[in-house]
Amino acid sequence: MDSSGFSSPRTDCFPAGLRVLVVDDDPTWLKILEKMLKKCNYEVTTCNLAREALDLLRERKDGFDIVISDVNMPDMDGFKLLEHVGLEMDLPVIMMSVDGETSRVMKGVQHGACDYLLKPIRMKELRNIWQHVFRKRIHEVRDIEGHESLEELQMMRSGIEQSDDGYFFSGDLVSGKKRKDADNKHDDRVCGDPSSVKKARVVWTVDLHQKFVKAVNQIGFEKVGPKKILDLMGVPWLTRENVASHLQKYRLYLSRLQKENELKATFGGTKNSDISSKDPTGNVCLQNSIAQNATTVQQNILAKESYAVSGQNILIHNDEPKICEGNGKVIPSMPTTVSKKALFGDTADLAKSSTSRISFNHSFGPLDSDVKSEPKIQAEYSWSAEVPSFQFKQEHTAHFHSDHGFDHLPLPMHHNQVDSLERSLAHNPGTSSKESDTRAQAGLNNRRNQGIKNVTQAENTAALFSVQPESHLTDCHAIDPIQCSIWNSKNHCLQQNLFDDLQSSQRNLLAGTGSALRLWGEEFNDYSSQGDFYPPNTFLGNIDPFGYSNHELIADVPPNLYESLKFDSEYPTDPVEYPIDQGLYIA
Amino acid sequence: MQRQLANMKQSLFDQGYLDEQFIQLEELQDDANPNFVEEVVTLYYRDSARLIHNIEQALEKNPLDFGKLDSYMHQFKGSSSSIGAKKVKIECTQFREYCRTGNAEGCKKTFQQLKKEYATLKKKLEVYFQVARQAGPVEKACRPK
């Protein structure tokens with residue numbers, strides 16, 4: 001887990017100390033494999049449930065070098081685990097099964113398995129697994145070749161073995177930090193120029209992923225190919241292989257999502273699945289085109305607008321419950337519905353209430369910007385858990401985005417508070433609702449003040465401002481959730497731009513965090529689908545480090561969250577509408 | 001005593017009860033786990049009892065859920081491969097073949113045979129481990145000729 005702890009022994013006598021996670025529901029095999037791997041001088045962790053393994057992997061993001069997983073497991077298909085690991089951790093995964101049918105092996109390889117071992121597994125096969133880890137590292141090193149000399153210097157210093165990002169940047173880190181911090185720090189370091197996100201291992205930050213998805217969108221999902229994407233993305237250090245492997249994962253992810261939604265969808269399976277599968281694309285497209293194509297002038301305007309909008313915030317919020325009502329899925333009086341349990345979003349019902357709560361919390365809790373952001377995250381889980389009520393989510397997300405932007409920017413960040421508050425929310429669900437209520441009240445006042453303040457800042461953009469809120473309101477009033485989601489995305493863009501204005505560097509940070517968060521969000525879909533739900537814990541574990549490592553980071557987290565939310569929810573936005581929205585802004 | 005043990009093992013291989021995997025297990029046995037093979041075999045019999053029970057229940061259903069049976073048997077086969085229970089594994093493969101073709105009678109018949117092999121092996125291994133314990137830790141894994 002601790003990079004510095006492992007890195008030196010690992011370089012000295014690689015592959016000894018290779019950290020292997022073995023997942024098999026068969027206790028006999030687990031015992032044998034553990035013994036075998038130990039005999040190879042590997043460091044073994046065993047796990048008899050796929051779900052548990054995934055938790056473990058998420059908890060200790062850089063705690064393992066390679067995963068060996070059985071194909072058939074009762075709680076989760078080994079292929080699915082494989083896919084998750086590939087998308088989230090980018091670790092080599094070896095599949096094993098007693099079944100050697102070509103189709104099965106093929107499936108494993110298609111899902112990204114680096115090897116497929118047939119049971120009974122022999123020592124000699126295991127002794128050799130380090131090659132997959134090594135191969136991966138070689139590729140990673142190759143990926144960054146030709147980049148900034150600084151980067152290369154660092155690479156050389158840390159050596160091939162340590163080229164995985166955690167160690168790699170440990171020089172920049174305060175000692176005692178976990179690797180995931182390192183990841184974020186790294187993003188931090190590179191901030192200010194999104195195109196220069198360089199790493200030994202290609203980490204698909206939200207930014208990068210957006211570019212990717214945008215490219216995919218432009219080309220068209222059917223005709224898409226790595227080379228084309230690479231050209232469109234225009235990220236010089238990215239290789240065709242990087243893109244190809246990401247595209248493969250992305251496709252798998254989409255197809256799985258689609259399958260899941262076909263199963264889960266309560267309203268019109270096909271429709272929903274379409275939505276979900278294309279979500280990221282549409283949404284990213286939105287963001288990107290606004291964020292990236294917008295001229296600076298536009299950006300400024302947008303930024304101001306968003307301030308201005310905050311003046312209207314209260315209005316907007318008030319409308320939102322109605323929207324929900326319109327859809328008949330949420331109880332309009334948010335504060336009362338606010339359910340503490342909802343935080344954990346175990347069931348669809350809970351999730352509903354949690355969503356409502358979120359919106360409230362967020363809209364009225366400006367007291368502490370960070371506090372808000374954290375609860376949201378949790379909310380995000382619960383809601384994404386709630387696969388069936390899709391439209392729902394969208395609306396709520398809407399709240400989210402809009403509120404957030406406002407609270408967030410003007411306020412100073414007290415990250416310590418955040419963390420503690422967040423914890424209390426997570427751990428003492430009972431009290432949290434009260435807290436949020438109180439906060440809500442105080443927040444309301446605050447917000448008003450804030451709004452006023454902001455409006456004054458907006459000054460000359462008054463005209464713009466008046467136009468803008470109207471469109472929002474219209475959207476909100478329309479019961480159609482799609483409209484709402486558009487609205488969200490708009491706000492989001494605003495935020496995004498604002499951020500750009502304020503501090504482009506922060507944005508990058510966010511992007512980094514966001515990508516991780518987004519993934520989590522996605523994972524939670526799976527959780528919910530299987531009934532188990534551990535997100536708060538995982539989440540806490542993962543996010544805390546951000547807070548501690550950098551105050552600014554925390555402030556930044558929320559926008560990313562939005563992004564991640566959008567991925568899930570905003571695709572429904574009619575592509576046709578999008579330009580119109582943009583037009584509004586520009587006007 | 002050592003020779004007796006070696007002979008017993010040899011005959012287990014000769015009669016086709018065990019395969020290479022068993023040797024693998026013996027090779028894993030070391031000072032840290034002097035009874036590793038026995039531990040693994042015990043674990044196998046404990047865990048597979050549950051599977052056998054599941055399969056028995058599934059076989060009482062009418063009509064048979066071949067998908068489910070196949071999945072159970074897949075697990076069972078995987079497990080059996082861990083200790084090198086060769087004959088049991090052969091029955092597993094046969095059983096799955098019958099599942100594939102939807103042969104209920106074949107399944108049931110094979111399952112009886114499977115249980116027989118499973119029990120026979122258990123007995124033989126119990127005796128073997130008893131002798132091994134008496135022979136003491138001097139015993140080293142040796143490949144049957």
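Order of the sequence lines fixes the chain letters, A, B, ..., with proteins taken first and strands second; residue numbering starts at 1 for each chain. Just so you know, these numbers use all the heavy atoms, side chains as well, and skip hydrogens, waters and symmetry mates.
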| Under 4.5 Å from a heavy atom of chain B, the part of A/Asn72 involved | side chain

| query | Once you round to the nearest 0.5 Å, how far does CG of A/Asp26 lie from OH of B/Tyr44? | reply | 9.5 Å

| said: Need one label for B/Asp19: side chain, backbone, both or neither, based on atoms under 4.5 Å from any heavy atom in chain A. | reply: neither

| remark: Given B/Asp30, B/Val41, B/Ile83, B/Leu51, the one with more heavy-atom pairs under 4.5 angstrom with chain A than any other is B/Asp30

| request: Looking only at non-hydrogen atoms, find the nearest pair between B/Leu43 and A/Pro27 and report the distance. | output: CD2-O, 3.4 Å

| query | Between A/Pro120 and B/Ser81, which heavy-atom pair has the shortest distance, and what is it? | reply | CB-O, 3.6 Å

| query | Got B/Leu28 and A/Met123 here, is their nearest side-chain heavy-atom distance under 4.5 Å? | reply | yes

| query | Do A/Lys119 and B/Ser80 come close enough that some side-chain heavy atom pair is under 4.5 Å? | reply | no

| said: For A/Asp25, which atoms come within 4.5 Å of any heavy atom of chain B: side chain, backbone, both, or neither? | reply: side chain

| Contact winner vs chain B - A/Lys35, A/Met96, A/Lys31, heavy-atom pairs under 4.5 Å | A/Lys35

| note | When every non-hydrogen atom of A/Trp29 is compared with those of B/Gly78, the smallest separation belongs to NE1-O, 2.6 Å

| Atom CE of B/Met1 with >12 non-hydrogen neighbours under 6.0 angstrom | yes

| note | Separation between CG (A/Asp99) and OG1 (B/Thr93), nearest 0.5 Å, reads 9.5 Å

| remark: Honestly, the part of B/Leu25 sitting under 4.5 Å from a heavy atom of chain A is side chain

| query | Heavy-atom distance under 4.5 Å to chain B: side chain of A/Leu33, backbone, both or neither? | reply | neither

| query | Is B/Lys68 atom NZ crowded by more than 12 heavy atoms from other residues, nucleotides or ligands, each under 6.0 Å away? | reply | no

| request: Take A/Thr28 and B/Asp47, measure what side-chain hydrogen bond (donor to acceptor under 3.5 Å, both in side chains) needs, and give me the verdict at the end. | output: CA-CA 8 Å; A/Thr28 318; B/Asp47 186 59; 4.7 Å; no

| Contact part of A/Lys39 toward chain B, heavy-atom cut-off under 4.5 Å: side chain, backbone, both or neither? | side chain

| said: Does any part of the side chain of A/Ile121, heavy atoms only, come nearer than 4.5 Å to the side chain of B/Gln24, both counted from C-beta? | reply: no

| field | Toward chain A, the part of B/Arg96 with a non-hydrogen atom under 4.5 Å | value | side chain

